[in-house]
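Structure record follows, encoded as structure tokens.
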Amino acid sequence: MQMPIDQFAISGRVISCCPHGDGHINETYYAACEAGAGYILQKINTAVFRDPAALMENVAAVTEYMARRTADPRRCLHLIPTRDGRSFYTDPAGGCWRVYAFVPGSLCLQSAETPELFYESGVAFGAFQRALADFPAQTLHETIPNFHNTPDRYRQLHLALAADVRGRAGECREEIDFALAREPEASALVDALARGELPLRVTHNDTKLNNVLIDAKTRRALCVIDLDTVMPGLSAYDFGDSIRFGASTVAEDEHELSKVALSLPLYETYICGFLAGCAGQLTDGEIRALPLGAKLMTLECGVRFLTDYLNGDTYFRIHREKHNLDRCRTQLRLVRDMEGKWEQMRAIAEGFCRIH
Ligand code: ADP
Ligand code: GN1
Ligand code: MG
């Protein structure tokens, strides 16, 4: 495939352009240029993001907002416009492409190698939310409607089950039963939001550890990336998604389920980092909702992987047979482990409230 990197206002001749990173959604390439400049070229997954122009309006608005408020260019993402000044390029086949400056001297981790690094990622996502506290939320497009609406994710699971297009439901009966047994709990966060008990904020909504860049030298967090799902949401969503990915003892697609567990020390470490980054912004009600965020984001992700497996792997990129089923199994196992540790999870969060 011809890479359209030359369509963008990059400096220097491109020496190489290779696949990069471990995202499940977009196609990502690293382009190295003469004179040392590096770029991230991405083909936007338009099956997932149906309105790429709206998506790129969000990304441009958020990156410009953050760039105006920070003196250090490595602390936020910078879009590189096309040579004719647009935020993305549409190729003749209709593919949509964008380019970011590669953040120099940065690392991207797939697992929390040390508690300090996980703490740093919490600081980064907390600070990201705080930085957007006054962002005009009404100007943001909803890039994926109902993204963290867990009951709606169940609705999609039911559709996939009823259709069972690949005849796979029989082999995942255990996972289906586990997920359906927890359906009554799935609306707890959206209900609390509807009752006005939790405030709507501008959140990232995809707070995996590999969506934070770390300074390779200092090992401190630099900035948050993957801004495609920045939308109004709950702080519990951002917290919970980080826990499901980073405070698990194994990778998201581990085969050996007996190894899957929630690390309570990492859970506590992340709360410390996230609250430090939020700098006092979270209410006690939000802090008390953090354990629920961890459990529901893990359950929701398990339901999403299961749904995609039943649908024939049309959403998440897979690298092996049954990859989505393996991913689903780790998530559901993690939910089960959280249920066993529920009182401890609650008590740890309670310890961070101002009023007990
Ligand atoms: P996806 O939506 O597919 O997860 P991401 O935007 O997260 O795509 O990008 C995929 C990977 O590319 C990241 O996990 C990270 O390793 C790398 N990456 C993305 N943007 C940058 C950047 N500006 N600087 C350095 N690395 C980046
Ligand atoms: C996807 O894009 P990426 O790989 O950072 C997904 C998240 C899931 C995650 C599971 C837009 O994240 O919602 O939690 O995979 N992103 C989208 O690993 O659906
Ligand atoms: Mg990503």
Side-chain angles (χ1 to χ4, degrees), residues 18-32 37-50 52 55-56 58-59 63 66-67 73-80 97-111 121 125 142-150 153 156 203-216 222-231 233 237-238 240-246 248 251-254 293 296-308 314-319 323-324 326-328 330-331 334:
C18 311
H20 184 84
D22 208 19
H24 296 342
I25 303 296
N26 297 309
E27 266 175 47
T28 302
Y29 303 86
Y30 173 72
Y39 298 95
I40 288 286
L41 168 71
Q42 286 184 317
K43 185 173 191 196
I44 301 167
N45 184 331
T46 47
V48 167
F49 299 106
R50 300 300 175 100
L55 166 77
M56 290 309 294
N58 280 7
V59 172
T63 51
M66 298 198 69
R74 295 167 79 219
R75 295 223 153 249
C76 58
L77 281 179
H78 298 274
L79 272 177
I80 306 294
W97 300 79
R98 68 174 167 219
V99 169
Y100 289 113
F102 186 88
V103 177
S106 66
L107 291 177
C108 179
L109 304 173
Q110 300 305 329
S111 67
S121 72
F125 282 119
E142 201 178 6
T143 52
I144 302 181
N146 291 317
F147 192 61
H148 282 313
N149 182 333
T150 314
R153 296 296 185 177
Q156 294 179 41
T203 47
H204 182 279
N205 298 305
D206 188 0
T207 52
K208 290 205 287 201
L209 187 67
N210 62 14
N211 286 332
V212 175
L213 298 180
I214 304 283
D215 187 309
L222 274 174
C223 68
V224 159
I225 61 171
D226 203 345
L227 306 178
D228 297 337
T229 52
V230 175
M231 288 181 279
Y237 298 159
D238 277 4
D241 198 39
S242 290
I243 295 300
R244 80 151 190 95
F245 190 85
S248 166
E252 190 182 67
D253 59 357
E254 170 66 47
L296 284 192
M297 289 302 99
T298 310
L299 179 63
E300 178 186 285
C301 202
V303 165
R304 292 175 66 196
F305 287 140
L306 180 57
T307 304
D308 200 34
T314 58
Y315 186 94
F316 296 105
R317 183 178 308 120
I318 54 166
H319 304 289
H323 206 166
N324 276 319
D326 289 339
R327 290 166 174 158
C328 155
T330 62
Q331 301 308 292
L334 194 55

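Since we're looking at a predicted model, the values are computed, not measured. For ligands, and for the atoms within them, numbers begin at 1 and follow the listed sequence.
- Listed by number with element, the atoms of ligand 2 under 4.0 angstrom from any heavy atom of Phe49 are 11 (C).
- The closest donor-acceptor contact from the side chain of Thr330 to the backbone of Arg327 lies under 3.5 Å.
- Here Asn211 meets the criterion, with an N, O or S atom under 2.8 Å of the Mg ion (ligand 3).
- Residue Gln42 holds the heavy atom nearest to atom 9 (O) of ligand 1 of all those in His20, Gln42, Arg317.
- Checking side-chain atoms of His323 against main-chain N and O of Asp253 turns up no donor-acceptor pair under 3.5 Å.
- If you check which protein heavy atom lies closest to atom 1 (C) of ligand 2, you get Ile25 CG1, 3.8 Å.
- Regarding atom 15 (O) of ligand 2, its nearest protein heavy-atom neighbour is His24 CD2, 3.4 Å.
- Closest to atom 9 (C) of ligand 2, if we only count protein heavy atoms, is Lys208 NZ, 3.6 Å.
- With rounding to the nearest 0.5 angstrom, the CZ atom of Phe245 is 6.5 Å from the CG atom of Leu209.
- Considering only non-hydrogen protein atoms, atom 16 (N) of ligand 2 sits nearest to Asp206 OD2, 3.4 Å.
- Close to ligand 2: Tyr315, with a non-hydrogen atom less than 4.0 angstrom away.
- For Thr203 (side chain) and Met231 (main-chain N/O), a donor-acceptor pair under 3.5 Å exists by modelled atom type.
- One N or O on the side chain of Arg74 and one on the backbone of Pro104 form a donor-acceptor pair closer than 3.5 Å.
- Using a 4.0 Å cut-off to heavy atoms of Asn211, the atoms of ligand 2 that qualify are 5 (O).
- Judged by distance alone, the side chain of Arg244 and the main-chain N or O of Leu296 form no donor-acceptor pair under 3.5 Å.
- Residue-ligand proximity, Gly23 to ligand 1, at heavy-atom distances under 4.0 Å covers atoms 1 (P), 3 (O), 4 (O).
- Phe305 and His24 have perpendicular rings, their planes meeting at more than 60° on a 0 to 90° scale where under 30° would count as parallel.
- With hydrogens and angles disregarded, no donor-acceptor distance shorter than 3.5 Å links the side chain of Asn205 to the backbone of Val230.
- If you number the atoms of ligand 1 from 1 as listed, the ones under 4.0 Å from a heavy atom of Asn211 come out as 7 (O).
- Between Ile225, Asn26, Asp22, Leu41, it is Asn26 that holds the heavy atom closest to atom 3 (O) of ligand 1.
- In this pair, Tyr30 and His20 present their aromatic rings tilted. The plane angle is within the 30 to 60° band.
- Polar contact check, Arg244 against ligand 2: a nitrogen or oxygen pair lies under 3.5 Å apart.
- Side-chain contact of Gln42 with Thr28: a donor-acceptor pair under 3.5 Å is present, judged by distance alone.
- The protein heavy-atom contact nearest to atom 18 (O) of ligand 2 is Glu252 OE2, 2.6 Å.
- Closest heavy-atom approach to atom 18 (N) of ligand 1 among the candidates Ile40, Leu222, Asp228: Ile40.
- Counting only distance, with no hydrogens or angles, the side chain of Thr207 and the backbone of Ser242 share a donor-acceptor pair below 3.5 Å.
- Counting heavy atoms under 4.0 Å from ligand 2, residue Phe316 touches it through the side chain alone.
- Proximity annotation for atom 25 (C) of ligand 1: of Phe102, Tyr39, Tyr100, Phe49, Phe102 comes nearest, heavy atoms only.
- Numbered from 1 in the order shown, with element, the atoms of ligand 1 that lie under 4.0 Å from a heavy atom of Cys108 read 14 (O), 15 (C), 16 (O).
- Asn146 places no side-chain N or O within 3.5 Å of a backbone atom of Asn149 that could act as its donor or acceptor partner.
- Taking every heavy atom of Asn210 and a limit of under 4.0 angstrom, the matching atoms of ligand 1 come to 13 (C), 14 (O).
- Close approach to Gly23 involves these atoms of ligand 2, each under 4.0 Å from a residue heavy atom: 4 (O).
- Looking at atom 8 (C) of ligand 2, its nearest protein heavy atom turns out to be Arg304 NH1, 3.8 Å.
- The atoms of ligand 2 that sit less than 4.0 Å from any heavy atom of Asp226 are 2 (O), 3 (P), 5 (O).
- Every atom of ligand 1 is numbered from 1 in the order shown, and the set under 4.0 Å from a heavy atom of Leu77 is 23 (N).
- Using 4.0 Å as the threshold, Ala101 has a heavy atom nearer than that to some atom of ligand 1.
- At least one donor-acceptor pair closer than 3.5 Å links the side chain of Arg153 to the backbone N or O of Phe147.
- The Mg ion (ligand 3) is closest to atom OD2 of Asp226 (considering only N, O or S atoms).
- Salt-bridge annotation for Arg98 and Asp228: present, with a side-chain N of the basic residue lying under 4.0 Å from a carboxylate O of the acidic one.
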